[in-house]
Amino acid sequence: MAEYGEWNRKGATLSDVTAKKEYGVSQAFIVKGIRAGKLEYRDGAIWGNPYLRVLRSQLEQYIAEELGADCLSSGKNQTELRKIKKEMADLKKRLDELQTRRTEIEKAITKSPTEPASAGDGAKARRA
């Protein structure tokens with residue numbers, strides 16, 4: 001049985017499609033768990049497309065029971081590796097953008113060697 005408020009907690013639920021991406025399990029595997037009474041679920045629909053929403057904790061426990069703990073950890077590790085690679089690619093892209101902008105600014109600075117007059121010079125000009 002689910003804990004109180006578990007369905008509302010962020011990250012506590014996932015769809016059957018997300019479960020396939022993260023853990024490599026099929027919808028049939030999830031349905032089998034639901035019929036066996038191991039998984040609680042809720043129906044959902046986005047843009048008219050139905051999906052099953054299950055609790056992550058129950059799904060992980062069910063995967064460990066049916067397929068083994070090493071299969072569960074392998075799926076988690078692959079998902080984490082995918083996220084890390086994506087974040088690294090995003091950071092590399094951002095770094096390239098910043099380096100390009102830095103180069104543009106440095107070129108603009110070297111082209112215009114004129115420097116603005118300091119505040120002290122303006123004050124002297126007003127007194128004269």
Side-chain angles (χ1 to χ4, degrees):
M1 210 55 179
E3 294 178 19
Y4 177 77
E6 190 171 4
W7 283 100
N8 299 325
R9 199 172 320 134
K10 183 175 176 138
T13 63
L14 69 161
S15 70
D16 55 336
V17 176
T18 305
K20 182 176 182 179
K21 289 179 186 175
E22 288 189 19
Y23 300 106
V25 297
S26 65
Q27 184 179 18
F29 179 80
I30 294 172
V31 171
K32 179 181 160 192
I34 291 169
R35 288 188 178 146
K38 303 275 185 173
L39 299 175
E40 294 178 47
Y41 77 101
R42 292 190 178 171
D43 291 322
I46 294 183
W47 298 96
N49 298 318
Y51 67 93
L52 295 172
R53 198 167 62 152
V54 295
L55 292 168
R56 184 181 300 272
S57 60
Q58 290 179 356
L59 180 63
E60 288 179 355
Q61 185 178 3
Y62 183 63
I63 292 171
E65 288 174 7
E66 293 293 315
L67 304 175
D70 55 333
C71 181
L72 176 63
S73 64
S74 172
K76 282 183 163 183
N77 290 339
Q78 288 177 352
T79 302
E80 185 178 1
L81 181 62
R82 192 177 315 116
K83 286 180 183 178
I84 289 171
K85 285 182 177 181
K86 183 182 183 321
E87 186 175 353
M88 287 175 62
D90 291 344
L91 289 173
K92 285 179 184 177
K93 182 180 176 185
R94 179 72 177 134
L95 180 62
D96 290 343
E97 291 171 358
L98 290 172
Q99 287 176 339
T100 303
R101 182 66 183 142
R102 182 187 71 186
T103 306
E104 291 172 0
I105 293 172
E106 287 174 347
K107 285 181 182 177
I109 289 173
T110 56
K111 285 183 182 177
S112 59
T114 59
E115 296 179 18
S118 66
D121 293 341
K124 289 179 185 175
R126 277 185 251 141
R127 282 190 227 144

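Since this is a predicted model, take the numbers as computed values, not measurements. We're numbering straight along the sequence, starting at 1.
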Here the gap from Ile46 atom CD1 to Asn49 atom CG, rounded to the nearest 0.5 Å, amounts to 8.5 Å

At what distance, to the nearest 0.5 angstrom, does CD1 of Ile30 lie from NZ of Lys32?
12.5 Å

Minimum side-chain heavy-atom gap Val31-Asp16 below 4.5 Å:
no

Please find the pair of heavy atoms, one from Pro50 and one from Gly48, that lie closest to each other, and give the distance.
CD-O, 3.5 Å

Under a 4.0 Å N-O cut-off, is there an ion pair linking Lys83 with Glu80?
no

dist Met88:CE -> Leu95:CG (nearest 0.5 Å) comes out at 12.0 Å

Looking only at the side chains, is there a donor atom on one of Tyr23 and Glu60 sitting less than 3.5 Å from an acceptor on the other?
yes

Quick one: do Asp43 and Leu52 satisfy side-chain contact (heavy atoms from CB on, under 4.5 Å)? Show the steps, please.
CA-CA 5 Å; Asp43 291 322; Leu52 295 172; 3.5 Å; yes

Taken to the nearest 0.5 Å, the spacing of Leu72 CG from Leu67 CG works out to 9.0 Å

Are Tyr51 and Tyr62 connected into the same hydrophobic cluster when the rule is that any two of I, L, V, M, F, W, Y join if their side-chain heavy atoms are below 4.5 Å apart?
no

Supply the atom-to-atom distance Thr13 OG1 to Gln58 CD, rounded to the nearest 0.5 angstrom.
11.5 Å

Could you measure the distance from the CG atom of Asp70 to the CG atom of Asn77? Nearest 0.5 Å is fine.
11.0 Å

Same apolar cluster (I L V M F W Y, side chains within < 4.5 Å links), Leu55/Leu14:
no

Is a salt bridge present between Glu104 and Arg101, judged by a nitrogen-to-oxygen distance below 4.0 Å?
yes

Which atom of Glu6 lies closest to which atom of Ala12, heavy atoms considered
O-CB, 3.2 Å

Look at Arg94 together with Asp90 and state whether they make a salt bridge at an N to O cut-off of under 4.0 Å.
no

